[in-house]
Amino acid sequence: MIGSVKGTRDLLPPETRVWGRVEETAREVFALHGFEEVRTPVLEPTELFVRTVGEATDIVHKEMYTFVDRGGRSVTLRPENTAGVARALVEHGLVQAAGVRKLWYAGPQFRYERPQKGRYREFRQIGAEVLGAADAATDAELLVMLFDFLGRLGFTGLAVSLNSVGTQECRPAFVEALRAYLEPFAGRMGDDDLRRLKDNPLRVLDTKDPAVKEVLPGAPQMVDHLDPASRAHHEELLALLSDAAIPFRIEPRLVRGLDYYTRTVFEVTAGGLGAQDALLGGGRYDRLVSDLGGPRTPGIGFAIGEDRLVDVLPQAFREEALASFAPVALVAIEPADRPSALALARTLRAAGISVDLDPAGKGPGAALKAAGKRGCRRAVLLGQREREAGTAVVKDLVERTQAEVPQAELTAYLKG
RNA sequence: GUGAGAGUAGCUCAGUCGGUAGAGCAUCGGACUGUGGCUCCGACGGUCGCGGGUUCGAACCCCGUCUCUCACCCCA
């Protein structure tokens with residue numbers, strides 16, 4: 001037997017109904033906020049991610065599916081989607097100084113990691129990006145949209161964790177201040193934190209080591225080292241979110257794993273996800289487009305881990321989605337009933353009723369049993385008697401009741 | 001890349017001291033040729049993840065390997 005590749009999985013019915021509903025909801029909500037869909041290739045030039053996500057990041061360093069294609073080009077299965085969206089906009093000349101682009105996407109991403117709860121090698125993200133707007137109001141509106149989406153899925157009690165990581169100009173000074181503060185404590189650090197201290201001291205703020213956590217409250221904070229413009233941006237965002245009643249937490253130690261973030265960064269965590277508890281993450285990336293050779297264009301976006309989202313989806317939304325697929329089973333009792341069954345199916349479908357046509361053969365008993373297992377809630381039976389009377393028997397498979405209905409009234413009966 | 005646990009029928013699992021494998025559910029057939037879910041009877045179904053070793057003999061012990069689960073790392 002050939003199994004699926006490690007860390008990938010098949011999504012099968014009825015679970016795919018839930019995924020479909022989540023994606024439909026995203027499409028609706030995002031459209032209400034003026035976002036349009038964008039689809040970019042799964043395969044991108046390796047250089048795209050090296051330049052944007054950052055050569056020193058774990059994603060680029062050890063998690064990418066990178067290979068040389070038959071033409072000798074180094075290509076990579078995208079580990080995230082923001083770089084691809086930015087690349088596409090630059091390539092097609094769609095970023096102009098004056099224009100604002102609001103886009104969303106949904107699709108598979110790939111990272112070569114050891115699978116565990118909430119983490120797969122192929123995973124799906126639903127994300128949105130705003131390019132061409134640098135103001136705090138844009139950040140706020142993006143988060144408003146995000147919470148509108150989460151709210152429609154039925155999530156309650158979620159809050160967004162917020163921080164500012166400053167800019168390329170003010171961050172180095174902070175990093176040095178942090179390093180200077182942490183170095184005296186190197187003696188109590190394990191190998192992981194020593195490596196972080198050397199390569200990327202910001203990551204030490206994320207440590208899980210209790211001995212190191214102990215000294216973090218005294219560490220310098222990024223918010224105290226922001227340049228005046230970044231500070232003003234941060235404070236304006238907090239005020240706007242308060243006004244909009246978006247639940248947020250200021251998280252001075254929040255850092256992100258992608259190099260391209262500037263100023264605003266955020267994430268939402270959720271219970272029930274195990275150790276990988278980040279449901280979504282995002283932030284501002286004011287240098288990304290220019291780093292790709294485009295005009296200087298600010299941007300901000302988020303990416304939701306769809307696998308994780310579905311994993312902790314509120315029960316009511318899940319149940320509604322599962323119940324949303326319930327075609328009417330149309331049973332031709334004898335082979336002679338097939339022509340009229342086909343014609344009737346066509347009429348019902350034209351009226352917007354989902355019809356699952358059962359093959360004649362094993363008798364109505366077997367057909368009804370099979371229909372119930374497929375999730376049909378109602379069945380329409382057609383046999384010689386009905387054919388002669390111009391009627392059909394409509395059976396409620398849940399209530400176990402039935403009624404004989406004139407075929408001319410069937411559409412109205414089934415819709416009513 | 002590191003660590004821990006697990007892999008037996010389609011699914012959930014049992015399998016004693018090492019003696020050539022079982023249950024429930026599901027599936028199929030029958031009781032029941034125009035009305036399902038309950039019940040009863042029967043059948044189908046396994047290279048015990050894979051490979052090697054120890055042994056007269058391995059689902060069971062040993063080694064390797066693959067996959068899954070969880071955690072580290074990292075992130076969505």
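In what follows, chains carry the letters A, B, and so on, assigned in the order in which the sequence lines appear, proteins first and then strands, with residues in each chain numbered from 1. For the numbers below, each heavy atom of this structure counts, side chains included, while hydrogens, waters and symmetry mates do not.
- Judged by atom type and distance alone, A:R119 reaches the base of B:rC73 through a side-chain donor-acceptor pair under 3.5 Å.
- A:E80 comes within 4.0 angstrom of nothing in the nucleic acid, heavy atoms only.
- A distance of 9.5 Å separates CG in A:L288 from OH in A:Y261, rounded to the nearest 0.5 Å.
- For A:K208 and B:rC72, the shortest distance from a side-chain N or O to OP1 or OP2 is below 4.0 Å.
- Applying the 4.0 Å criterion to OP1 and OP2 of B:rU67, one finds that A:K6 has a side-chain N or O inside that range.
- Nearest-nucleotide positions on RNA chain B place A:Y112 closer to the 5' end than the other of A:V393 and A:Y112.
- For B:rA71, one of the phosphate oxygens OP1 or OP2 lies less than 4.0 angstrom from a side-chain nitrogen or oxygen of A:Q116.
- Within the nucleic acid shown, A:K395 comes within 4.0 Å of at least one base atom, counting heavy atoms only.
- Between the side chain of A:R308 and the base of B:rC75, a donor-acceptor pair under 3.5 Å is found.
- Both distances falling under 3.5 Å, in either a Watson-Crick or a G-U wobble arrangement, place B:rG24 opposite B:rC11.
- When heavy atoms are screened at a 4.0 angstrom cut-off, A:G372 is found touching base atoms of the nucleic acid.
- The 5' end of RNA chain B is approached more closely, in terms of each residue's nearest nucleotide, by A:R114 than by the other of A:R114 and A:R124.
- At the heavy-atom level, A:L279 lies under 4.0 Å from the strands shown only through sugar-phosphate atoms.
- Using a 4.0 Å heavy-atom distance criterion, A:G7 is classed as a sugar-phosphate-only contact.
- In this structure B:rU67 sits in a base pair with B:rA6, meeting the Watson-Crick or G-U test at under 3.5 Å.
- A 3.5 Å limit on both hydrogen-bonding distances identifies B:rA31 as the Watson-Crick or G-U partner of B:rU39.
- Look at A:R374 and A:D358 and you find a salt bridge, because one of the NZ, NE, NH1 or NH2 atoms lies within 4.0 Å of a carboxylate O, short of that distance.
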